[in-house]
Amino acid sequence: MELTGAEILIRCLQEEQVEYVFGYPGGAVLFIYDALFQQDKVKHVLVRHEQAAVHAADGYARSSDRVGVALVTSGPGLTNAVTGIATAYMDSTPMVVISGQVPTGAIGEDAFQEVDAVGITRPCVKHNFLVKDAKDIAPTIKKAFYLAKSGRPGPVLVDIPKDVSNQKASFEYPASVNIRSYHPAGKGDSGQIRRAAQMLLQARRPMIYAGGGVVLSDASAQLISLVRLLNFPCTNTLMGLGGFPASDKHFVGMLGMHGTYEANMAMQHCDVLLAVGARFDDRVIGNVEHFAEVPRKIIHIDIDPSSIAKRVKVDLPIVGDVKLVLDELLDVLRNSTPDAAAMAVWWQQVDEWRAAGGKMRYKNSAEIIKPQFVIEKLHEITGGDAFITTDVGQHQMWAAQYYKFDQPRRWITSGGLGTMGFGLPAAMGVQMVNPGATVACVTGEGSIQMNIQELSTCKQFHLPIKVILLNNGYLGMVRQWQEFFHGNRYSETYMNALPDFVRLAEAYGHVGMRIEKPADVEPALKEAFARKHDLVFMDFKTDPTENVYPMVPGGRGLSEIILAEEL
Amino acid sequence: MRHIISLLMENEAGALSRVAGLFSARGYNIESLSVAPTEDPTLSRMTIVTSGSDAVIEQINKQLNKLVDVAALIDLSEGEHLERELMLVKVRAEGDAREELKRMADTFRGRIIDETDRTCTIELTGSCAELDSLLEKIGRDLILETVRTGASGIGRGERILKL
Ligand SMILES: Cc1ncc(C[n+]2csc(CCOP(=O)(O)OP(=O)(O)O)c2C)c(N)n1
């Protein structure tokens with residue numbers, strides 16, 4: 001029997017066991033929405049802005065190990081989605097985005113709501129397709145899911161012209177997929193892995209630096225075994241948080257621009273560095289020349305060869321899936337132990353840094369709410385077991401520093417692109433795929449207003465997210481840079497004319513709370529989290545002058561770290 | 001250093017723009033780029049002449065390989081290879097200059113493929129340097145137009161790029 005392109009598409013999504021599609025309708029996707037309407041296996045979540053559809057699909061994917069799916073119309077629908085796609089691309093989220101396109105005959109004629117979707121998204125997708133015939137839909141969708149999920153994951157766009165979605169073709173979902181030009185890495189090279197083991201055992205000042213690749217590859221268990229076997233210090237990047245448990249004694253905290261003193265010092269001064277699924281980002285190692293001043297051997301495990309030796313020289317590259325490589329490395333290392341005496345000396349040094357780095361702590365106040373205090377209480381009250389999404393700014397860094405993640409896929413943040421507006425829609429996706437779980441979105445009053453319309457989606461789909469607004473009245477992170485580097489000239493960072501967030505939340509049908517005193521923080525959080533079925537929007541009035549410490553100023557070296565003053 | 005990279009990619013709409021887009025987005029040099037389908041019409045062969053430090057060239061190779069449409073790639077300059085470029089150059093050829101031009105074309109083993117009273121068009125195939133040097137000999141004053149294909153490269157002997 002022949003089906004329309006739209007029906008074929010929906011059948012493909014069913015075959016891929018897609019549970020939710022996050023989307024927004026329009027002219028070019030009318031047939032697709034019609035086909036969606038006539039079945040009930042694939043459920044649709046109607047967002048209020050296409051950017052939110054993509055962020056929601058992103059949060060859905062990051063907090064599970066599934067592929068997120070978004071559906072948008074042509075033209076403005078697609079352009080609205082681009083920020084979400086770029087966000088997913090930078091953080092390697094597996095995702096399939098389906099966009100409508102004007103009818104094939106109209107392509108290139110500047111038709112109504114026409115935009116070159118494939119051209120616009122090319123630099124921020126893993127791959128994209130324009131489908132020109134209904135018979136190509138099934139093989140293309142099969143490829144799209146495979147590409148999104150395999151190798152280094154990423155978003156894949158499938159652009160479907162309106163006439164193609166109404167064209168008839170026979171349907172058969174391909175059982176397997178073979179792309180002759182695409183061979184994602186699997187196991188690592190055994191010789192390299194043996195050499196890596198040797199290098200690790202000879203280290204006197206070793207360090208393990210683990211990034212988002214550990215989370216994406218579901219390799220936490222392997223990383224934990226390795227760290228414990230070797231008794232090495234371990235740090236996580238912003239993207240890697242939860243990949244190694246924060247409560248483990250080997251953990252020295254997050255590294256980088258707002259990382260701990262001990263993590264940054266150990267990173268700078270180690271003699272053998274094992275980088276696992278991390279990419280030596282500028283926010284992580286700061287100034288490359290400064291980093292290279294201390295000689296150290298670098299072993300780099302990554303599934304993407306282009307991540308290796310991109311910013312720093314690597315002595316021992318291992319291309320492969322982090323999980324498989326760590327498994328093999330563990331096998332090789334079994335029964336061997338590093339030099340205990342050297343390790344004792346190194347740990348003594350690391351612990352000294354740790355003690356000095358205690359300065360990372362903030363000074364609490366009885367008069368004004370310190371944002372760090374809110375996060376600490378949030379951690380306490382949720383038992384460290386919540387899914388935390390964030391927006392971008394100071395609140396994001398405080399959440400990273402003070403919510404101690406013990407499990408992977410609990411920390412959902414836009415690391416690579418740094419997209420304000422990510423937090424609330426991402427939380428929706430997280431809540432959809434983890435119904436019953438505690439989900440909180442830590443945000444700022446600048447960021448939350450970038451996708452605040454999603455409070456309406458949350459109402460429609462009964463998503464009991466807790467919005468933790470650290471309201472400092474400023475675009476805080478920008479204000480901090482202006483304070484440090486631009487002579488306190490707070491150009492356009494004061495958030496004037498803020499809405500009454502409590503009444504705003506209520507207008508959307510949610511519960512709003514305003515918290516102004518430190519003493520009220522804990523009871524308010526308890527009350528909010530006790531409301532299992534309500535979205536509670538908590539507007540914490542926090543200290544507007546608070547800064548994020550420690551800080552490695554942009555372009556500086558890791559050991560040129562600024563600690564909190566006056567402590 | 002100058003590198004000549006040769007690759008096989010899917011002969012599909014948009015594949016070329018992925019390669020070109022990669023170079024512009026990451027700020028890599030393209031000196032020339034030539035592309036056409038192979039004996040297998042589903043595959044195109046592309047030759048890219050680029051330059052950069054060793055680290056940049058390594059990244060270029062890796063980033064190209066990462067493109068889903070790129071099926072195979074070789075940095076020809078890492079081994080023995082041949083490269084040829086085709087040039088058509090139209091020259092003002094009046095009076096004595098014409099004979100002089102013909103001699104020049106001969107020494108370069110070029111061919112005259114079109115002649116009028118006032119112009120003549122030379123076809124020359126050779127290394128990029130040979131093409132440069134013919135242009136220099138003729139001199140800019142006489143040249144009316146130049147069309148070059150950019151280099152095409154192939155490995156010597158058993159050095160083969162095939163799927
Ligand atoms: C879409 C977008 N626009 C601009 C920026 C630049 N930016 C980074 S942090 C920041 C301030 C964020 O303010 P707020 O959400 O109030 O958080 P705070 O830093 O105060 O915690 C800005 C404007 C960005 N990251 N994303």
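In this text, all values refer to a predicted model and were calculated from it rather than measured experimentally. Lettering of chains follows the sequences in order, A, B, ..., and the numbering in each one begins at 1.
- Counting only residues at least two apart or in different chains, ring-ring contact (aromatic ring centres under 6.0 Å, His included) contacts with residues 115-158 of chain A comprise A:H127-A:F129, A:Y146-A:Y182.
- The only member of A:I285, A:T237, A:V288 that meets side-chain contact (heavy atoms from CB on, under 4.5 Å) when paired with A:F280 is A:I285.
- Interface residue A:L147: only side-chain heavy atoms are found under 4.5 Å from chain B.
- Remark: the backbone N or O of B:L76 is paired with a side-chain donor or acceptor of B:R159 at under 3.5 angstrom.
- With a threshold of 4.5 angstrom between heavy atoms, A:N128 approaches chain B through its backbone and through its side chain.
- Interface residue B:V70: only backbone heavy atoms are found under 4.5 Å from chain A.
- Your options are A:G151, A:P305, A:G119, and the one with the most heavy-atom pairs under 4.5 Å with chain B is A:P305.
- Both the backbone and the side chain of B:T42 come within contact range of chain A, judged by heavy atoms closer than 4.5 Å.
- For the residue pair B:R45 and B:T38, no side-chain donor N or O sits within less than 3.5 Å of a side-chain acceptor on the partner.
- With a 6.0 Å cutoff to the six-membered ring centre and a 45° limit on the axis angle, A:R296 counts as a cation-pi contact of A:F291.
- Using a 4.5 Å cut-off between heavy atoms, B:L22 makes no contact with chain A at all.
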